[in-house]
Amino acid sequence: MSARIGVVTFPGSLDDVDAARAIRIAGGTAVALWHGDTDLHGVDAVVLPGGFSYGDYLRCGAIAKFAPVMSLVIDKAQVGLPVLGICNGFQILCESRLLPGALTRNDHQHFICRDQRLRIESTDTPWTMDFALGQEIVIPLKNGEGGYVASEVVLDELFAENRVIATYQGENPNGSYRNVAGISNKAGNVVGLMPHPEHAVELLTGPTIDGVPFFTSVLKSLIGAP
Amino acid sequence: MIDSVNIARESPDTEQPWADLGLKQDEYESIKEILGRRPTSSELAMYSVMWSEHCSYKSSKVHLRQFGDKAPKTDALLVGIGENAGVVDIGDGWAVTFKVESHNHPSYVEPYQGAATGIGGIVRDIISMGARPLAVMDPLRFGAADAPDTRRVLPGVVAGIGGYGNCLGLPNIGGELVFDESYAGNPLVNALCVGSMKHEDIHLASAKGVDNLVVLYGARTGGDGIGGVSVLASETFDANGPAKRPSVQVGDPFMEKLLIEATLEVLHAGLVEGIQDLGGAGISCATSELASNGEGGMQVYLDRVLLRDASLSPEEILMSESQERMCAVVTPEKIDAFMQLCKKWEVEAVVIGEVTDTGRLVIDWYGDTIVDVPPRSVAHDGPVYERPFHRPSWQDALQADTPTGERLPRPSTPDALKHTLLDLISSPNLASKSWVTSQYDRYVLGNTILAQPEDAGMIRVDEESGLGVAISTDCNSRFAKLDPYAGAQLALVESYRNISVAGAKPLAVTNCLNFGSPEDPEVMWQFAQATTGLADACLELGIPVTGGNVSFYNQTGENAISPTPVVGVLGVINNVEHRTPMAWAGDGDLIYILGDTADEFAGSEWAHLQGHLGGLPPKVDLPAEKLLSEIMVAASHEGMITAAHDVSDGGVGVAVTEMALRANIGARFWIPENIDPFVFLFSESTARAIAVIPGTEELRFSEMCAARGMRATRFGVVDSGLGVNSGHPGEQVIVCDSQFTLTIDQLREVNEATLPALFGGEKCSAQVSESYWDQ
Amino acid sequence: MARVVVNVALKPEILDPQGRAVQGALSRLGLSGVMDVRQGKQFIIDIDGELEGDRADLLEKLAGELLSNPVIEDFTLTVEN
Amino acid sequence: MARVVVNVALKPEILDPQGRAVQGALSRLGLSGVMDVRQGKQFIIDIDGELEGDRADLLEKLAGELLSNPVIEDFTLTVEN
Ligand SMILES: Nc1ncnc2c1ncn2[C@@H]1O[C@H](COP(=O)(O)OP(=O)(O)O)[C@@H](O)[C@H]1O
Ligand SMILES: [Mg+2]
């Protein structure tokens with residue numbers, strides 16, 4: 001049986017079907033999790049998908065972090081459960097303090113949707129091990145509040161500890177400090193990424209299929225796990 | 001004191017503000033005749049809104065009938081004109097529904113919210129048919145690109161469409177962006193939505209089954225969008241009543257997203273007998289239409305409606321256009337299950353009444369009956385006008401002013417041709433639209449096969465089989481001004497062609513007819529001509545009109561906008577893998593032009609740039625369009641073609657440039673024999689497309705064209721290696737033999753600079769007040 | 001230096017989805033008795049010198065036209081000179 | 001009834017693109033001497049009865065965890081009982 005990866009749907013989640021499709025394309029089994037769930041249904045990893053959870057009316061991800069399912073995800077993430085937060089999911093991970101820093105309104109103040117070039121800066125996480133270090137990929141970016149901010153100390157630490165997993169290449173699309181596109185926690189199991197790998201898994205619908213390795217990575221890492 | 005039916009009976013002579021509510025004397029008299037008494041204030045409010053031009057189509061009905069009368073025979077039409085949206089069969093048990101509507105005036109008053117609620121409204125039309133929305137599109141028109149008003153309105157409109165659609169999770173797959181002085185003070189904001197469903201999930205707006213319950217669910221009812229009715233509530237009946245209500249509605253896309261999910265769940269669970277969205281005229285419209293389409297009777301307890309503002313009067317509740325609400329008819333056995341699903345999605349719901357067999361729509365307010373009317377008289381049997389119309393006095397002179405070489409000097413040297421191309425691709429109408437479209441999510445849902453700037457938007461409907469649909473909307477209002485009959489047909493054929501070049505077979509048509517005042521006989525003539533032209537062409541092309549929308553009164557003082565019949569065509573493709581993109585890919589692939597090029601510049605983008613509008617628009621050739629469509633679809637299906645693009649605004653020169661920019665690969669082309677270079681490059685003759693054919697398919701392709709009598713002329717070849725020999729080593733270059741050479745970087749630079757230069761610099765200030773809403 | 005604080009709020013009759021979302025969240029997180037929440041914007045503007053005369057008039061005007069949208073919002077302006 | 005006003009502002013060291021945009025717009029529209037603009041949020045919360053004891057503590061806590069993000073924002077809370 002292939003590994004079971006949960007995809008959480010909050011009211012207002014939008015890219016949950018896409019995340020599930022990407023997991024299937026990579027060879028995994030996608031398990032739908034509901035924001036009100038009080039049980040993780042035995043999943044081996046979790047994806048927090050993109051969207052506008054609870055409308056994102058207060059601050060992106062601010063309300064979602066209090067969802068019942070999130071307290072389970074937070075507990076399990078602290079003991080090694082692989083978690084990938086994409087876009088709104090990344091915002092939720094920061095709001096939940098599983099990841100440092102915060103995501104703020106794009107510096108140019110517009111929502112932006114474009115095919116974004118990234119460089120993979122770390123292959124030491126369960127979500128990026130299938131990439132080559134320094135590999136350049138192109139996947140969609142779409143957000144209104146995607147600018148990563150953190151203090152200089154935190155940023156220095158992230159780079160020093162090899163926890164920046166991807167950086168923007170070319171023009172900075174949203175004012176992210178030091179071009180940060182994605183980061184991980186200290187243990188590496190929790191990863192937040194602003195652009196959308198789940199929209200780059202089929203040539204018919206995406207700009208590339210460069211998003212697939214994020215999902216094959218975690219499947220591989222789980223085979224090795226007890 | 002609430003004006004009830006009893007009071008109305010006893011006080012027949014009470015003065016009523018019917019004129020302030022926009023009713024004519026004879027309309028007021030006929031309401032009294034229908035009711036056998038004076039209307040109550042609530043009834044008056046209902047009739048006044050439902051009999052307005054916007055809801056009753058009183059001026060347009062007699063012309064719109066042609067769409068039904070002249071409808072081509074087709075098995076594809078499952079639900080036709082008259083429902084919230086038409087439904088078409090696309091095979092494999094799948095059906096699609098699509099519709100376009102205008103939100104012109106609200107978007108001018110409050111650009112962000114006006115445009116946002118335009119998207120919200122059209123999406124609810126689609127869900128009320130039982131369909132899952134798949135994508136949206138936004139045909140937009142503004143005054144001159146550099147006019148202050150355009151700078152005020154455009155950024156807000158774009159942010160509103162993006163803010164709502166992105167948050168709702170619907171990909172935006174196309175639209176239009178047109179600048180023309182005629183829209184100064186009257187921008188057109190049209191919104192289209194397409195959705196899909198299995199045949200068995202089609203639902204209609206009808207209240208069937210006596211004793212079934214009427215449920216109002218979604219957002220609470222507030223005081224928005226009832227500007228006119230507040231006259232009634234506050235000034236006439238209670239001078240100390242609530243302050244004037246805002247006529248602006250504020251959208252809540254998150255609520256709409258919950259409404260979509262909740263609605264689809266209750267529909268799929270089989271819990272719903274009939275369903276209706278609440279748009280214009282709110283509860284008045286929903287209850288009267290449901291009742292009129294069903295058993296004919298309904299009892300409503302208006303005091304049960306959940307309110308956002310407790311001070312609302314019953315008239316205001318009836319009229320409120322609060323967004324994100326729906327109305328469903330549910331059997332008593334299933335009501336608990338229905339409520340349960342609403343709760344799951346945190347959507348408030350309340351039973352406001354039940355279906356009866358009395359033939360009357362009766363509405364109570366805390367025990368008093370305030371409305372007692374035959375529902376058909378409100379919803380369907382409103383007034384119908386045969387408004388006078390006549391050909392404008394200036395029409396002949398306009399048509400006589402042909403842009404011949406003597407009238408408008410034409411570029412003749414290679415250098416002048418080159419500059420003409422650069423001027424065209426950097427003009428606001430032909431420049432890259434990415435300043436706008438990059439604010440829209442085109443990826444969400446993961447089924448977007450083609451999106452802007454492709455000729456058509458294309459969405460995969462069935463992941464297993466690859467079944468998909470394509471949609472395009474078009475209108476050149478300059479053509480429509482020169483000749484509204486031909487102009488509407490030209491809008492149709494351009495849209496039809498866009499679908500075909502993408503590889504999809506055109507199937508059905510929707511429209512949004514934006515015109516000036518119907519009380520002006522010259523405008524009415526344009527309207528009559530346009531509807532007739534569209535109906536005639538749809539009949540000949542064999543594709544039915546499934547629905548649409550009319551927007552009148554688009555004018556400032558005496559100045560009406562140019563007639564703008566926006567036409568949307570929907571096509572089907574059996575397997576989206578066969579879609580034809582506009583970017584060429586392979587070195588050595590051959591570039592063909594299909595169809596004939598004539599000297600046709602009246603209403604063209606080139607003439608527009610010279611400030612000229614006159615003459616007769618390009619000739620419409622429906623058989624040629626049909627043939628071109630069949631050839632393009634066959635070529636895509638048979639794998640003979642690697643890229644294609646329709647030829648329209650700016651002609652062949654602009655079309656090949658757009659293909660090269662999209663591909664970022666150069667090409668060499670030449671002017672075919674016996675044609676003037678300027679005419680070949682920039683004429684806007686119709687029924688033409690550019691097709692890119694791999695060498696291995698050339699014989700098969702040209703034989704197919706020859707056998708079917710379609711002129712196919714090879715005039716270029718894709719070549720990524722032209723830089724070296726043309727003095728631009730390492731660069732992609734397009735070479736027009738013995739005319740000019742341009743690098744793609746040069747072209748891209750001028751093509752992409754225009755909109756940011758117009759709107760980018762100001763984006764910050766324009767954005768300040770909207771940023772509040774922006775996600 | 002003058003500090004000007006402009007508070008912008010939606011007019012009471014206008015739907016405030018943000019306020020509603022916050023109200024729901026506060027209640028879910030255990031705060032009882034929340035009757036209404038409205039969410040607005042606050043601009044803190046630091047200005048050279050005193051704010052008076054033409055400049056004061058202009059700022060007042062801009063608060064009503066640029067910082068707020070009179071169609072749907074009200075504003076208040078306070079100056080700490 | 002108590003009315004609680006929570007003002008939330010970005011910490012001074014965090015870039016405030018919206019404030020910067022407003023500053024640019026104010027200057028362009030002729031207001032001279034604008035030295036700095038910061039844009040924040042204001043929540044107006046109406047609460048049943050008096051705000052005291054546990055409820056006051058909870059609201060204080062939620063102002064710091066829900067209404068603002070301490071990583072990038074500061075808040076002030078004032079109660080009009
Ligand atoms: N220009 C048109 N062409 C064809 N059908 C139209 C046109 N305008 C309106 N209709 C049809 O008339 C019906 C009522 O229109 P409308 O009031 O816009 O619908 P709704 O009540 O869903 O907003 C719809 O079925 C619509 O498709
Ligand atoms: Mg409708």
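In what follows, every chain begins at residue 1, and chains take the letters A, B, ... in the order their sequences are listed.
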Chemist: Find the distance between CG (D252(B)) and OH (Y57(A)) and round it off to the nearest 0.5 Å.
Modeler: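 Between D252(B) CG and Y57(A) OH, I get 3.5 Å after rounding to 0.5 Å.
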
Chemist: Chain A heavy atoms under 4.5 Å from S438(B): which part of the residue, side chain, backbone, both or neither?
Modeler: both

Chemist: Would you give the length of the straight line joining atom CZ of R460(B) to atom CD of E202(A), rounded to the nearest 0.5 angstrom?
Modeler: 4.0 Å

Chemist: For E198(A), which atoms come within 4.5 Å of any heavy atom of chain B: side chain, backbone, both, or neither?
Modeler: neither

Chemist: I'd like to know whether K257(B) forms a side chain to side chain contact (heavy atoms under 4.5 Å, CB included) with F52(A), so could you lay out the CA-CA distance, the side-chain angles of the two residues, the decisive distance to 0.1 Å, and finally the verdict.
Modeler: CA-CA 10 Å; K257(B) 167 73 177 164; F52(A) 292 74; over 6 Å; no

Chemist: Parallel, tilted or perpendicular: which describes the rings of F254(B) and Y54(A), with under 30° parallel and over 60° perpendicular?
Modeler: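 Tilted.
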
Chemist: What's the spacing between D115(A) CG and R442(B) CZ if we round to 0.5 Å?
Modeler: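 If I round to the nearest 0.5 Å, the distance is 5.5 Å.
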
Chemist: Below 4.5 Å from any heavy atom of chain A, which atoms of L258(B) appear? Answer side chain, backbone, both or neither.
Modeler: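 Only the side chain of L258(B) comes within 4.5 Å of chain A.
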
Chemist: State the OG1-CG distance between T205(A) and L450(B), to the nearest 0.5 angstrom.
Modeler: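 T205(A) atom OG1 to L450(B) atom CG measures 11.5 Å (nearest 0.5 Å).
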
Chemist: As an exercise, state the distance from OH of Y443(B) to NE2 of H196(A), rounded to the nearest 0.5 Å.
Modeler: 11.0 Å

Chemist: Between SG of C113(A) and CG of N166(B), what distance do you get to the nearest 0.5 Å?
Modeler: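 Between atom SG of C113(A) and atom CG of N166(B) there are 8.0 Å.
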
Chemist: Could you look at E463(B) and say if it's the side chain, the backbone, both or neither that has a heavy atom under 4.5 Å from chain A?
Modeler: side chain

Chemist: Pair V158(B), H110(A) - check side chain to side chain contact (heavy atoms under 4.5 Å, CB included), show working.
Modeler: CA-CA 10 Å; V158(B) 170; H110(A) 290 282; over 6 Å; no

Chemist: Can you pull out the residues in residues 6-21 of chain A with any heavy atom less than 4.5 Å from chain B?
Modeler: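 Listed by number: P11(A), G12(A), S13(A), L14(A), D15(A), V17(A), D18(A), R21(A).
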
